[in-house]
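Order of appearance sets the numbers: ligands from 1, and atoms from 1 within every ligand.
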Amino acid sequence: MDQHTDARIDVLIAGGGIAGLALAVALRQGLGAPCSVMVADPALDRDVSDPRASAIVAAARRLFQAIGVWERVAEEAQPVLDMVVTDSALADAVRPIFLTFDGEAEEGEPFAHMVENGPLRSALLNAARTAGVTLRSAAVAGFRSDQDGIAVELGDGARVSAGRVSAGLLVAADGANSAIRRLAGIPLYGWSYGQSAISFTVAHERDHGGRAQEHFLPAGPFAILPLKGRRSSIVWTERDADAARILALPESDLHAELERRFGLELGDIEIVGPRGSFPVGRFVARDFVAERIALVGDAAHVIHPIAGQGLNMGLKDVAALAETVVDAMRLGLEPGAAGVLDRYQRWRRFDTAAMGTATDGLNRLFSNRSDGLRLVRDLGLGLVDRQPALKRLFIREAAGLTGDLPRLLRGEML
Ligand SMILES: Cc1cc2nc3c(=O)[nH]c(=O)nc-3n(C[C@H](O)[C@H](O)[C@H](O)COP(=O)(O)OP(=O)(O)OC[C@H]3O[C@@H](n4cnc5c(N)ncnc54)[C@H](O)[C@@H]3O)c2cc1C
């Protein structure tokens with residue numbers, strides 16, 4: 001290793017988004033001081049405003065509870081008590097409900113909670129500080145790995161070297177455009193849908209009663225997701241060009257477009273807080289690991305927000321990688337040893353492909369204008385709606401409670 005390299009740390013996490021920070025806290029909680037953890041992200045000391053909120057499913061909530069973060073956001077988390085699905089043309093006066101779910105994953109445990117991304121990330125940052133994670137406001141700009149470890153070059157955005165760090169494992173939690181994935185030469189498979197998801201919060205006159213609504217409209221799904229108080233988070237999918245046009249509309253025109261989709265059920269509405277638009281695609285990395293490197297979260301996979309599962313999948317990566325690394329280090333193994341990374345990859349790669357295929361199918365089935373297809377899918381939804389056992393299975397699957405669950409997703413501490 002280079003003689004200018006700083007003291008060696010065990011795990012360097014590139015990316016202080018929700019996935020990267022959750023992993024940092026989980027590792028420190030599992031192993032304590034003997035495991036040194038650093039999070040490097042150029043945005044750490046910036047106030048990044050995120051207009052989105054996330055549906056945190058039951059399994060992910062158990063993870064946050066096990067790592068002591070849930071108690072920091074619980075007051076701001078809105079349980080999703082039920083969910084309705086409609087399928088209609090934009091101009092239809094009535095939106096018949098084809099599918100309803102009530103929202104319990106287990107008795108007394110809501111299938112999901114809605115939490116705004118801003119407060120969730122702040123809670124994770126505070127928990128990381130408390131847990132003794134080193135936070136570094138810098139980007140990973142390059143690395144060189146060998147059998148002994150990985151030497152990582154940090155940059156501060158202006159191409160000035162911000163120092164080097166030597167680590168046992170480098171985790172790429174650096175999002176959908178992961179520089180680490182690219183630098184490691186890992187191919188990315190997938191496609192863009194040519195759709196963007198507009199997202200913001202609305203305040204409304206009446207109570208939402210904890211109900212989530214998903215309206216399947218010809219341009220794509222339009223979701224109204226309940227937040228604490230008389231507020232909801234909107235995820236509004238449109239073709240790329242239409243999304244840009246809609247966001248550029250004068251305020252009164254934007255309000256009119258919103259109202260056509262939102263409906264009048266919750267009374268007067270008003271957009272509050274920042275707005276944003278996010279490209280929608282489906283991508284998966286060919287490998288989730290490389291020498292001394294593991295990919296988690298959007299760096300490893302991106303799916304359509306239609307089912308609110310992207311981050312939840314990322315948190316499954318976090319739970320599986322944390323458990324793999326904690327178990328290995330307790331046995332005296334290196335966190336980035338090939339066997340450790342293989343175990344992680346075997347655990348996560350298949351599950352990810354399956355979820356990507358399911359959300360892709362949903363989006364293709366619903367984002368189109370064919371009346372024939374609408375009839376068939378509505379028949380299908382109607383049939384599912386009359387099968388309580390099947391609905392229960394869907395709920396458990398969507399709540400992340402099926403399959404070979406890592407301990408954190410069962411709510412157990414590492
Ligand atoms: C409209 C919308 C709604 C959504 N709703 C839901 C939902 O309800 N439920 C759900 O589960 N998912 C949802 N998702 C998906 C979810 O938002 C993402 O999966 C999640 O934010 C990804 O988190 P992440 O930590 O992996 O990546 P990111 O949040 O992208 O974080 C990556 C971090 O890496 C940093 N970074 C970048 N490059 C470098 C570098 N070279 N070195 C160091 N750091 C770097 C960035 O600054 C950033 O902070 C939604 C997505 C959209 C678009």
Could you list the atoms of ligand 1 found under 4.0 angstrom from a heavy atom of Gly308?
-> 7 (C), 8 (O), 9 (N), 10 (C), 11 (O)
Side chain of Asp146, backbone of Gly149: donor and acceptor closer than 3.5 Å?
-> yes
Atoms of ligand 1 less than 4.0 Å from Ala173 heavy atoms?
-> 32 (C), 33 (C), 34 (O)
Side chain or backbone of Met313 under 4.0 Å from ligand 1, or both, or neither, by non-hydrogen atoms?
-> neither
Verify the neighbour count for atom CD of Glu205: are there more than 12 heavy atoms of other residues, nucleotides or ligands below 6.0 Å?
-> yes
For atom 37 (C) of ligand 1, find the nearest protein heavy atom and state the residue, atom name and distance (0.1 Å precision).
-> Asp174 O, 3.5 Å
Looking only at non-hydrogen atoms, find the nearest pair between Phe283 and Ser192 and report the distance.
-> CZ-N, 3.8 Å
Is any NZ, NE, NH1 or NH2 atom of the basic residue among Arg62 and Glu412 found under 4.0 Å from an Asp or Glu carboxylate oxygen of the other?
-> no
Nearest non-hydrogen protein atom, atom 8 (O) of ligand 1 = Ala55 N, 2.7 Å
Within-4.5 Å side-chain heavy-atom neighbours: Val73 and His113 = no
Identify, by atom number and element, the atoms of ligand 1 in contact range of Ala40, meaning under 4.0 Å from any of its heavy atoms.
-> 43 (C), 44 (N)
Which residue and non-hydrogen atom of the protein lie closest to atom 50 (C) of ligand 1, and at what distance in Å?
-> Pro305 CB, 4.2 Å
Of all the non-hydrogen atoms in the protein, which one sits nearest to atom 30 (O) of ligand 1, and at what distance?
-> Gly175 CA, 3.6 Å
Proximal ligand 1 atoms for Ala43, defined as those under 4.0 Å from one of its heavy atoms = 47 (O)
Hey, is Arg292 close enough to Glu334 for a salt bridge, meaning N to O under 4.0 Å?
-> yes
Ligand 1 to Asp41 polar contact by distance, N or O atoms, under 3.5 Å = yes
Distance to 0.1 Å, residue and atom name: give those for the protein heavy atom nearest to atom 31 (O) of ligand 1.
-> Gly17 CA, 3.7 Å
Parallel, tilted or perpendicular: rings of Phe222 and His215 (30°, 60°) = parallel
Identify the protein heavy atom lying closest to atom 40 (C) of ligand 1, giving its residue, its atom name and the separation to 0.1 Å.
-> Val140 N, 3.8 Å
Within the structure, does Ser54 bring an N/O atom to less than 3.5 angstrom of an N/O atom in ligand 1?
-> no
May I ask you to check if ligand 1 and Asn117 share an N or O to N or O distance below 3.5 Å?
-> no
Is Arg275 salt-bridged to Glu251, going by a charged N under 4.0 Å from an acidic O?
-> yes
Taking only Lys NZ, Arg NE, NH1 and NH2, and the carboxylate oxygens of Asp or Glu, determine whether Asp148 and Arg8 approach each other closer than 4.0 Å.
-> no
Is Pro42 near ligand 1, meaning one of its heavy atoms is under 4.0 Å from it?
-> yes
Taking both backbone and side-chain atoms of Leu311, is any N or O found less than 3.5 Å from an N or O belonging to ligand 1?
-> yes
Minimum side-chain heavy-atom gap Lys316-Leu63 below 4.5 Å = no
With backbone taken as N, CA, C and O and side chain as the heavy atoms from C-beta onward, which portion of Ile18 lies under 4.0 Å from ligand 1: side chain, backbone, both, or neither?
-> backbone
With atom 25 (O) of ligand 1 as the reference point, say which of Ala19, Ala176, Ser196 has the nearest heavy atom.
-> Ala19
Parallel, tilted or perpendicular: ring planes of His204 versus Phe262, cut at 30 and 60 degrees = tilted
N/O donor-acceptor pair under 3.5 Å between Gln345 side chain and Phe288 backbone = yes
At what distance is the nearest protein heavy atom to atom 26 (O) of ligand 1, and which residue and atom is it?
-> Asp298 N, 3.0 Å
A student checking ligand 1 against Gln309 at a 4.0 Å heavy-atom cut-off should list atoms 10 (C), 11 (O)
Is the shortest heavy-atom distance from the side chain of Leu247 to the side chain of Trp236 under 4.5 Å?
-> no
Note: ligand 1 atoms sitting under 4.0 Å from heavy atoms of Phe278 are 53 (C)
One finds that the ligand 1 atoms under 4.0 Å from a non-hydrogen atom of Gly297 are 26 (O)
Do the ring planes of Tyr193 and His304 sit parallel (below 30°), tilted (30 to 60°) or perpendicular (above 60°)?
-> perpendicular
Taking distance alone, with no angle check, do Asn312 and ligand 1 share an N/O pair under 3.5 Å?
-> yes
Atom 51 (C) of ligand 1 - nearest protein heavy atom and its distance | Arg52 NH1, 3.6 Å
Atoms of ligand 1 under 4.0 Å from any heavy atom of Gly15, numbered from 1 in the order shown, are 33 (C), 34 (O), 35 (C), 43 (C), 44 (N)
Is it the side chain (CB and beyond), the backbone, both or neither of Ala299 that lies under 4.0 Å from ligand 1, heavy atoms counted?
-> neither
With side chains defined as the heavy atoms from C-beta onward, is the minimum distance between Met38 and Val165 less than 4.5 Å?
-> yes
